[in-house]
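These notes concern the structure reproduced below.
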Amino acid sequence: MLLLRLKSPILSQNSYSFLLKSCIARKAVEPGKQLHARLFINGIIFHDFNLATKLVNLYSICHSLTYAHNLFDKIPKRNLFLWNILIRGYAWNGPYESAFQLYHQLLDHGLDPDNFTFPFLLKACSGLSAINLGKAIHNRVIKTGWEMDVFVGAALIDMYAKCGYVNESRLVFDNIMNRDVVLWNSMLATYAQNGHPEECMKLCCEMVFQNFMPTEATLVTAISASADLGAINQGRELHGYSWKLGFVFNDKVKTGLVDMYAKSGNVKIARVLFEELREKRLVSWNAMITGYAMHGHAHEALNLFKRMLEYSTQPDHITFVGVLSACNRGALLDEGQMYFDSMIKDYCIEPSVQHFTCMIDLLGHCNRLNEAYRLITEMKVTPDSGVWGALLNSCKIHGNVELGELALERLIKLQPDDAGNYVILSNIYAQAGKWERLQNLRKVMIERNIKKSIACSWIEVKNKIHAFVCGDTSHPMSDELYEELEKMGEFMAEAGYIPNTSPVFFDVEDDEKMEMVNGHSERLAIAFGLISTPPGAKLLVTKNLRVCEDCHVVIKLISKIKKREITVRDVNRYHHFKDGICSCGDYW
DNA sequence: GTAGGGTTAG
């Protein structure tokens, strides 16, 4: 950049070329603009295609799309390379629509998109979640014969993944014979991002089996999948595998491990790894803060947040989801309100539905139901099912029938087929002794043919995931498992336990009801865990719905009688049972 | 005479 400071107005075109190349390498847009001005004054710019191209490239890399596009428009003869770098700029930074405008212009000019154009266009589709556009581009890919290209393929896989079309992703993946590691990674990410962690793990094994060397992205994706599965042993294996492959000092892999250990209930190990990070980036802070929040360690989460600010790391909207849900778990109303205000005022973050959900949950937690409702009415964003669900849940805990009815009314509009909401209101009615309303609600459910979704819980034992549905007798160890449950029942009866059958929704006789509660999937998974692990071993069970109230009581007792730490991760939160107490403080 | 696909936190 020394040359820039020289007074001499005349530089050779080679020198300009060299300087621009250096600007591109450093992403230095300001010196580039100065060079642009000189080129303009000297009248060189429009005669030297090479220099103009370099400038468009620089602007495009540096998010200066307006500059890039203006210059692009003035270049008389444009080649595909020039179109591609401008499309790339829009694909990376938006507005994505501009990428498609350029694409159509390109076609109008009689040019054919190539294996560079397609990945950029597909990236823009991913950004817009525009499946129809994506499919149209896919057709064009097939027509122009680029479908076997790994770059195009990976972009197609990602586009379908971001639009939620997992099967289409897989078709693209299966269709390409000469795969490379990124193509595998794209497919792994598709499964991980779309809630198919088991498929992700399976494919990961296949990839290794086919002698592909995992990369940083492979491990990050696989670790996040095992975090979503709550598969601690698989996660530990991946941890060991990272050692073997030399990724153990890699901060991105390590952040994945922090998330994985936190989600599987090992917050302490997560913290140790977090402290080992050489560079603590925003994602790492967020993983640790949300990890603490999930497990109800409100003060640890907030202390870490304060430390993050001392490190001058700017929090983002995800950090505040963690901070606010930490306040919620700790019933810290004043702090929660303070952070919510600070997020808006000090950090200029527009509260999202998630932030509002945290606040409504928090107000509800503290029995400020009317304020919670008022907040919903004042929200600038449209309240979704999470928001009304939080209100409904708070109404159940504090026995507010009227607001509960209102919340359900809104929920029915948003999720007409979700039985869970009806069940919560029916529980509110049952608790309040409103039997007539309860009967009416049941009638409505029957009329609308709303059925409770099948509850499923799973537990990982010796690296294998064992899944149980409600009343399941299909497991090979089913007999032993029910025997264990029966034995537990005797112990619990001695401890004064009386089954609470109110969560059982169907009209059935009492002893039948008992059996149904007894056969709840979380109990089956825990019973299986008890008989297939050594005494004292921790258990982690994951459930697709909320833990039922009776099971919550029972698991507390089991943790005391069997001297076991049991973690249940239900659809909303974690419950840590130890010595007869649950970390949620019976609020969930 | 150049560029590109996959990566974690909610």
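Just so we're on the same page: letters track the sequence lines, and every chain starts at 1.
Between A:Phe151 and A:Phe120, the ring center distance fails the sub-6.0 Å criterion.
The shortest distance between the side-chain N/O atoms of A:Lys252 and the OP1/OP2 oxygens of B:dA9 is not below 4.0 Å. In this model, the phosphate group of B:dG10 is approached by a side-chain N or O of A:Lys263 to a distance below 4.0 Å at OP1 or OP2. In terms of phosphate contacts, A:Trp146 brings no side-chain nitrogen or oxygen within less than 4.0 Å of OP1 or OP2 of B:dG5. Regarding contacts with the backbone of B:dG1, a side-chain N or O of A:Asn50 is found under 4.0 angstrom from either OP1 or OP2.
Side chains of A:Ser224 and A:Thr221: no donor on one and acceptor on the other come within 3.5 Å. A side-chain donor-acceptor contact under 3.5 Å links A:Asn84 and A:Asp114. Side-chain contact annotation: A:Asp316 with A:Thr319, donor-acceptor N/O pair under 3.5 Å present.
A straight line from CG of A:Asp114 to C1' of B:dT2 spans 13 Å, rounded to a whole angstrom. Atom P of nucleotide B:dA9 and atom CE of A:Met308 are separated by 16 Å, given to the nearest angstrom. The distance between atom OH of A:Tyr59 and atom P of B:dT2, rounded to the nearest whole Å, is 23 Å. The distance between atom CZ of A:Arg179 and atom C1' of B:dG5, rounded to the nearest whole Å, is 16 Å. Here B:dT2 presents its C1' atom at 13 Å from CG of A:Leu51, a figure rounded to the nearest Å. Regarding A:Asn250, its CG atom lies at a distance of 14 Å from the P atom of B:dT8, rounded to whole Å. Atom CG of A:Asn194 and atom P of B:dT7 are 11 Å apart (whole Å). Atom pair A:Ile87:CD1 and B:dG4:C1' shows a separation of 13 Å (rounding to whole Å applied).
By the 30° and 60° cut-offs, the orientation of the rings of A:His239 relative to A:Tyr261 is perpendicular.
Not one N or O on the side chain of A:Ser264 forms a donor-acceptor pair closer than 3.5 Å with the backbone of A:Ile232. Under a 3.5 Å cut-off, the side chain of A:His138 and the backbone N or O of A:Gly134 do not form any donor-acceptor pair.
Taking a 4.0 Å limit (strictly below) on heavy-atom distances, residues 312-320 of chain A reaches DNA chain B at A:Asp316, A:His317, A:Ile318. DNA chain B is contacted by A:Arg281, A:Val283, A:Asn286, A:Thr290 of residues 272-293 of chain A, taking any non-hydrogen atom closer than 4.0 Å.
Heavy atoms of A:Asn84 sit under 4.0 angstrom from at least one base atom. Residue contacts shown for A:Met159 are absent, as no nucleic acid heavy atom lies under 4.0 Å away.
Under a cutoff of 6.0 Å and an axis angle of 45°, A:Arg179 and A:Phe173 form a cation-pi pair. For the pair A:Lys280 and A:Phe274, the cation-pi test (distance below 6.0 Å, angle within 45°) is passed. For the pair A:Arg78 and A:Phe72, the distance from NZ or CZ to the six-membered ring centre is under 6.0 Å and the angle to the ring normal is within 45 degrees.
Comparing B:dG5, B:dT7, B:dA3 by their closest approach to the side chain of A:Thr221 singles out B:dT7. Of all nucleotides listed (B:dG4, B:dG1, B:dT7), B:dG4 comes nearest to the side chain of A:Phe151. Of the candidates B:dG1, B:dG5, B:dA9, the closest approach to any side-chain atom of A:Lys21 belongs to B:dG1. You'll find that the side chain of A:Pro119 is closest to B:dG5, out of B:dT2, B:dG5, B:dT8. Considering only side-chain atoms of A:Thr255, the nucleotide from B:dG4, B:dT7, B:dT8 that sits closest is B:dT8. The listed nucleotides are B:dG5, B:dA3, B:dG1; the one nearest the side chain of A:Leu183 is B:dG5.
A:Phe116 qualifies as a stacking partner of the B:dA3 base, centre to centre under 5.5 Å and near-parallel within 30°.
For A:Asp149 and B:dG5, a side-chain-to-base donor-acceptor distance below 3.5 Å is absent, hydrogens and geometry of angles not being considered.
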Evaluate A:Asn50 against A:Lys54 for side chain to side chain donor-acceptor pair (under 3.5 Å), listing each step before the verdict.
CA-CA 6 Å; A:Asn50 185 9; A:Lys54 281 201 168 69; 3.1 Å; yes
